[in-house]
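Structure record follows, encoded as structure tokens.
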Amino acid sequence: MLRYLTGGESHGRILTAVIDGMPAGIGVSPSHINRELKRRQAGYGRGGRQRIEEDRVDITSGVRFGKTLGSPITLQIPNLDWENWKEKMAAGKGSAAAVTRPRPGHADLAGALKYFSRDIRDILERSSARETAARVAVGAAAKRMLALFGIRVLSWVVGIGGVSYRAGAGERPEELFSRAEGSVLRCPGKTATSKMKKIIDLARNRGDSVGGVFEVAVTGVPPGLGSHAQWDRKLDGRLAMALMGIQAIKAVEVGMGFEASSTPGSGVHDEIFYGYSGKGCSYWPLERRFFRKTNNAGGIEGGMSNGEPILLRAAMKPIPTLYKPLRSADLLTKRPFSASVERSDVCAVPAASVVGEAVVAFEIASSFLEKFGGDSIREVRRNYRGYLKQIKSF
Ligand code: EPS
């Protein structure tokens with residue numbers, strides 16, 4: 001079983017992730033992980049904090065001479081801002097004025113009530129999206145494993161603050177991804193990118209924030225990950241949970257998603273063909289196979305991957321820390337106040353899209369190992385080849 005946990009507060013000393021169950025023999029180095037961490041830090045619309053942080057991982061267990069050992073992998077990312085927060089975030093003696101003004105849209109109020117804390121900092125430090133740096137580090141390791149099997153996880157932004165980008169018919173995930181990598185907003189369209197930038201500028205000037213939508217695609221996935229046999233083994237359910245677990249994500253779609261509910265069945269379901277798909281596929285390269293000409297299912301039917309690319313979409317709400325005051329009530333005095341903040345992002349959708357890749361990569365790696373798992377990558381490869389042979393002879 002592949003699993004991970006993260007620990008760490010936004011202004012604490014360090015973020016930590018422990019991955020357990022990664023097979024031995026996978027090439028993982030700090031430079032692989034740092035490249036992903038840098039991608040997460042980019043994006044037009046971030047606030048002052050990203051000028052302080054320069055995320056770099058320290059691998060403190062589970063990797064030797066550049067290869068995983070099969071033992072728990074510990075990844076640590078120091079918070080450079082910690083220097084300014086030592087007193088306020090000390091594990092031992094320290095001091096800080098209590099935060100008593102809950103921000104609408106944040107975990108502040110629900111967390112304070114639940115954990116019986118009269119200092120909202122006890123909650124906000126952990127609910128902060130800073131934690132996603134640790135998840136990106138975990139996803140980077142998962143991507144290294146998936147790459148050995150020709151599986152890629154790619155993302156791009158399709159909406160910010162109401163401006164949408166619609167890909168042309170038949171555009172491949174790889175093309176959209178490579179254009180997104182060259183955009184400050186991870187959006188494949190140039191015109192949409194500049195419109196989105198304007199929306200962000202407008203929001204910043206108004207002291208407001210904007211959300212958006214990103215897509216994640218997984219290519220090279222064999223049929224048969226996940227299972228129809230039990231609710232918690234369904235791949236779409238697991239991927240949806242992984243994406244919903246990212247801070248500020250309010251909705252997830254698979255393939256055609258909500259649109260499928262208002263389209264007749266004949267326009268939704270992807271007809272099945274057999275022959276040369278011409279599209280190529282890691283598990284059955286350019287040979288005869290079952291394939292689809294459309295992919296409204298987003299590569300998942302009955303909770304199982306069907307051999308087509310997995311297509312997911314996630315919606316992020318606007319960041320709740322606003323310069324423009326929203327009404328709230330003080331935890332101690334119970335009196336109304338209008339909150340204003342000192343520092344915040346205006347838009348973090350491009351970063352969320354990189355985080356989306358990471359959590360999806362982890363979930364795909366996890367379901368891959370459930371099916372083909374072994375203690376070493378050699379054993380996993382052997383199991384995978386055996387399955388491919390079986391599918392080929394079907
Ligand atoms: C965040 C608030 C901001 C963001 C932070 C997430 O931090 P600060 O309060 O220090 O200005 O910059 O995101 C990151 C630090 C990051 O690396 O993504 C929040 O409240 O969620």
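We count ligands from 1, going down the list as the structure has it; atoms in each ligand are counted the same way.
The protein residues lying under 4.0 angstrom from ligand 1, judged by non-hydrogen atoms, are His11, Arg40, Arg46, Arg49, Gln50, His106, Ser128, Ala129, Arg130, Arg343, Asp345.
Screening residues 221-240 for salt bridge (Lys or Arg N to Asp or Glu O under 4.0 Å), with sequence neighbours left out, gives Arg238-Glu363, Arg238-Glu370.
Two residues are said to be in side-chain contact when any heavy atoms from C-beta on lie closer than 4.5 Å; His32 and Arg35 meet this criterion.
Using a 4.0 Å cut-off between charged nitrogen and carboxylate oxygen, Asp270 and Lys293 do not count as a salt-bridge pair. Between Arg3 and Asp20 there is a salt bridge, since a side-chain N of the basic residue sits under 4.0 Å from a carboxylate O of the acidic one.
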| request: Given side chain to side chain contact (heavy atoms under 4.5 Å, CB included), test Val349 with Arg186 step by step and report yes or no. | output: CA-CA 9 Å; Val349 180; Arg186 298 196 54 72; over 6 Å; no
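If you run side chain to side chain contact (heavy atoms under 4.5 Å, CB included) between Leu75 and each of Thr6, Ile19, Thr16, only Ile19 comes through.
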